[in-house]
Structure formats: C-alpha cells, structure tokens
Enquirer: 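Got a structure for you, written out below as structure tokens; questions coming shortly.
We use all heavy atoms of the structure for the numbers below, so side chains are in, but hydrogens, waters and symmetry mates are not. Numbering of ligands and ligand atoms starts at 1, following listing order. If you're wondering where the values come from, they're calculated on a predicted model, not measured in any experiment.
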Amino acid sequence: MWKGLIQEYKEFLPVNDNTPLLTLHEGNTPLIHLDTLSKELGIDLHVKYEGLNPTGSFKDRGMVMAVAKAIEEGSKCVICASTGNTSAAAAAYAARAGIQSLVVIPKGKVAAGKLAQAYMYGAKIIEIDGNFDEALQAVRDISETTDVALVNSVNPYRLEGQKTAAFEICDQLGQAPDVLAIPVGNAGNISAYWKGFKEYNQKKGTALPKMFGFEAEGAAAIVQGAPIAHPETVATAIRIGNPASWHLAEAARDESNGKIAAVTDEEILNAYRLIASKEGVFAEPGSAASVAGVIQSVANGSIPKGSKVVAILTGNGLKDPDTAVSASTVDMVSLPNDESKIREYIEGVL
Ligand code: F0G
C-alpha cells in the first residue's frame, strides 16, 4: 500500500525520528497520456494529474511536510494566505494532525469548491478586500511576531514535499521528459520540481528536462519583469502579481535552458475545455495554463515535433464548478417529465 510522501521518500526529505508520520496518502498520482492531443500536436504529451491528491491539488505534497515539521517544532496553529488550494490543504492536514489552521483569502476570488473545503476542514477563514500578494505580506509579517507556523511556499518544507512529483514522473516515464510544462503563480512549484529533477538525476541519472513555466497574461509579473499591482485572470489559482519564489523560478528556467511565458485567458479556457472534452481529464483553469502553454509552444516552435512533454495539471476541475458552467459550450435542455418528449429529443440528437 502507498504510505504517503513522508514514508515513501524519507531518504530525500528532511525527516528524522521526531517528525510525525502525518499522511492522507498524498502523492502517487497518475501520469496520463493524452492520445488525441499528442496526435494533433505531433508530440508525446502526458499530464501529471495532481488533482487526484487527497484535497484535489498538488499542495498536499508540500503541506504534509510543512504541517509535519510545524508539529515537530511544537506549533499548535498554522497560517497561510491562499488563492484557495493552499488553504484547503493547510486546513485538511491541520485537521488530520489535530491543530488549528488560519487562512487569509482574497474576497470573492476563491473558487467555490476550495472555500467549501476550508469550511469543512474547520479552518478559521479570514477574507480581505485585497489580493493574494497583500494577504501573503500580512501573514508573513504576523507569523514573525506571533506563535503560528507559516505554511505558504516561502516555508522551505513546502518545496521539499512538492519536489517529490518530479521523482514520480521520472519513475513513471523511466527518465525525465524533454520538457516539463507547469503553471506559475507564486512560483514555488516550478522551483520545487526543478530541485526534484536535479536531486533525482544526481542519485539515479534520470536526466533533466527543460522547465517551461506559464503565467496567466494578466498576472505575468516574471514575463514582464516587474510586479503587477492588480493581477487579473479567470484562473484565480494563479492570480498573483508578485511571486514569492520569483528568483528561484528564474533560476529553474535559466539552468534548464527553459522559458517562462504568458498564456491568455482565452488560451487557458480553450485548453481547459479541450482536455476535458477530448481526453476526459477535468482540471481547474489554473492547471490548464500548462497545456495552453504547450499548445502555444508547439505553434511557435519552442517545443519541437516529436518531443516528450509532461504538463502538470495542478488542481482538480471540481474545485471550480462556476467557471466550468460558464466556460462550457454545452447547452442543457429542459424537457417535460414525459418519456415520449425525451425520446423525441434523443432521436433528434442521433
Ligand atoms: N495551479 C494551482 C491549481 C494552484 O492553486 C497554484 C497556486 C498554482 C498552480 C501555482 O503554483 O504558486 O507554486 O507557482 N496556488 C496557491 C494557493 C497560490 O494559494 O493555493 P505556484
């Protein structure tokens, strides 16, 4: 049985005899080959479906480590700022460990499923009339003078946990892909993957991918080379204007000979619909930025035909039902409760 990240990867993680073996059996997510899109693009494209983690996003990998280390260090409460997924994961692992979580979120900009999770896992939820960057600044300051453990990705244990996804990809493919495509928000995850690929390569000779990060165009601070005061995108998960791991992300890009580019909301929504309707894989809009970036990069030649590419689908599509319903082109028909009318409609469709 899969025992979760701390036990499965302890030789690669900062764990010792005092680290609790906290787990919700996170990790070990599937790598799914996208048959239709691979054929259409002329590449070999897989997605790492991180939406199948216990709270529905990759954040569980980092959070299990961050909360375990917080407990090891005697904390009774964890705090984070979040666009939604970090807060869901923090609340879940805090609940699992029997400690309190506090989450600070941008009012009106957190998808419904993520908010539902924070409620159910028992977080204290604080919404502010501000964006993620402002919420993060506040919790960073507060955690310095208050007895709470900060579990945003500026906590180095978060990146330690998240790097394990790179290990899994190397094991699933036999080696690293040519290109790793990943959404970029606060820029922690791209940094964690790059660390993971480097460590695994050193131990197991699994080679290194080029790191291709994709920001949403309205929140593309790294691409533009300056923070964005009022970031906007339909992909609320990555609606971030001043990424905390900015320099680590640039290092991942430069050391791997990769790139960080922007994708428009239209490209994101196209990819979002495409992977669900043509491949049966439902990921949230922020996740679809990776596949949108792959499509863009094949079109502009920065991913050559024949490349082996892995795109990270960071969060489950069920997280954000409202965007799904509004972005879908499907029309629901309303019929009377009358079998002959239903039959008539179905025969019309056939
Ligand atoms: N994809 C999803 C679904 C996310 O929730 C996030 C970040 C990212 C991608 C970007 O990852 O920040 O490491 O570059 N969500 C954070 C949160 C900010 O609060 O849940 P990153």
Enquirer: Considering only protein heavy atoms, which is closest to atom 4 (C) of ligand 1, and at what distance to one decimal place?
Expert: Ala237 CB, 3.6 Å

Enquirer: Assess, by modelled atom type and distance only, whether the side chains of Ser302 and Lys259 contain a donor and an acceptor separated by less than 3.5 Å.
Expert: yes

Enquirer: Output yes when the distance from some N or O of ligand 1 to some N or O of Ile240 is under 3.5 Å, and no in every other case.
Expert: no

Enquirer: Please list the nearest protein heavy atom to atom 13 (O) of ligand 1 with its residue and the distance rounded to 0.1 Å.
Expert: Asn189 N, 2.8 Å

Enquirer: Considering only heavy atoms of Thr83, which atoms of ligand 1 have at least one such atom less than 4.0 Å away?
Expert: 15 (N), 16 (C), 17 (C), 18 (C), 19 (O), 20 (O)

Enquirer: For Gln172 and Lys48, run side-chain hydrogen bond (donor to acceptor under 3.5 Å, both in side chains): C-alpha distance rounded to whole Å, both residues' side-chain angles, the deciding distance at 0.1 Å, then the answer.
Expert: CA-CA 10 Å; Gln172 287 165 319; Lys48 179 77 168 155; 3.0 Å; yes

Enquirer: Counting distance only, does the side-chain N/O of Asn316 pair as donor-acceptor with the main-chain N or O of Gly51 below 3.5 Å?
Expert: yes

Enquirer: Should you measure from each heavy atom of Ser82, which atoms of ligand 1 turn up under 4.0 Å away?
Expert: 17 (C), 19 (O), 20 (O)

Enquirer: Run the numbers for me: atoms of ligand 1, each under 4.0 Å from some heavy atom of Thr314, listed by number.
Expert: 1 (N), 2 (C), 3 (C), 9 (C)

Enquirer: If we ignore angles and hydrogens, is there a donor and acceptor under 3.5 Å between the side chains of Arg61 and Thr29?
Expert: yes

Enquirer: Using the ring pair (Phe, Tyr, Trp, His ring centres under 6.0 Å) criterion, which residues pair with Tyr121? Sequence neighbours excluded.
Expert: none

Enquirer: For Ile182 and ligand 1, answer yes if some heavy atom of the residue is under 4.0 Å from a ligand atom, otherwise no.
Expert: no

Enquirer: If you have a sec, work out which protein heavy atom is nearest atom 11 (O) of ligand 1 and how many Å separate them, to one decimal?
Expert: Phe58 CZ, 3.5 Å

Enquirer: Say whether Glu217 and Thr264, considering side chains only, have a donor N or O and an acceptor N or O under 3.5 Å apart.
Expert: no

Enquirer: Are any of the heavy atoms in Ala187 under 4.0 Å away from ligand 1?
Expert: yes

Enquirer: Give a yes/no verdict on a cation-pi contact between Lys203 and Phe12, requiring under 6.0 Å between NZ or CZ and the six-membered ring centre and an angle within 45° of the axis.
Expert: yes

Enquirer: Between the side chains of Gln137 and Asp133, does any donor sit under 3.5 Å from an acceptor?
Expert: no

Enquirer: Check whether any N or O atom of Glu284, backbone or side chain, sits under 3.5 Å from an N or O atom of ligand 1, and answer yes or no.
Expert: no

Enquirer: If you measure from atom 12 (O) of ligand 1 to every heavy atom of Asn186, Ile238, Ile190, which option wins on shortest distance?
Expert: Asn186

Enquirer: Looking only at N/O atoms, are Phe132 and ligand 1 under 3.5 Å apart anywhere?
Expert: no

Enquirer: Using a 4.0 Å cutoff against the non-hydrogen atoms of Gly188, which atoms of ligand 1 qualify?
Expert: 13 (O), 14 (O), 21 (P)

Enquirer: May I ask you to list the atoms of ligand 1 that are less than 4.0 angstrom from any heavy atom of Val184?
Expert: 14 (O)

Enquirer: How far is atom 15 (N) of ligand 1 from the closest protein heavy atom, and which atom is that?
Expert: Lys59 NZ, 2.9 Å

Enquirer: Taking atom types as modelled and ignoring hydrogens, do the side chains of Ser307 and Asp178 form a donor-acceptor contact shorter than 3.5 angstrom?
Expert: no

Enquirer: Between Lys114 and Glu284, is the closest basic N to carboxylate O distance under 4.0 Å?
Expert: yes

Enquirer: Between Lys319 and ligand 1, find which residue part has any heavy-atom pair under 4.0 Å and reply side chain, backbone, both or neither.
Expert: neither

Enquirer: So among Thr23, Asn53, Thr55, which one has a side chain to side chain donor-acceptor pair (under 3.5 Å) with Asp60?
Expert: Thr55

Enquirer: Does an N or O anywhere in Asn85 fall below 3.5 Å from an N or O of ligand 1?
Expert: yes

Enquirer: I need the atoms of ligand 1 closer than 4.0 Å to a non-hydrogen atom of Thr86, numbered in the order shown.
Expert: 16 (C), 17 (C), 19 (O), 20 (O)

Enquirer: Checking the N or O distance criterion of under 3.5 Å, is ligand 1 in contact with Gln162?
Expert: no

Enquirer: Would you please test Ile190 and Met211 for side-chain contact (heavy atoms from CB on, under 4.5 Å) and show each step?
Expert: CA-CA 8 Å; Ile190 187 173; Met211 301 295 293; 3.8 Å; yes

Enquirer: Does the N or O separation between Ser87 and ligand 1 drop below 3.5 Å for any pair?
Expert: no

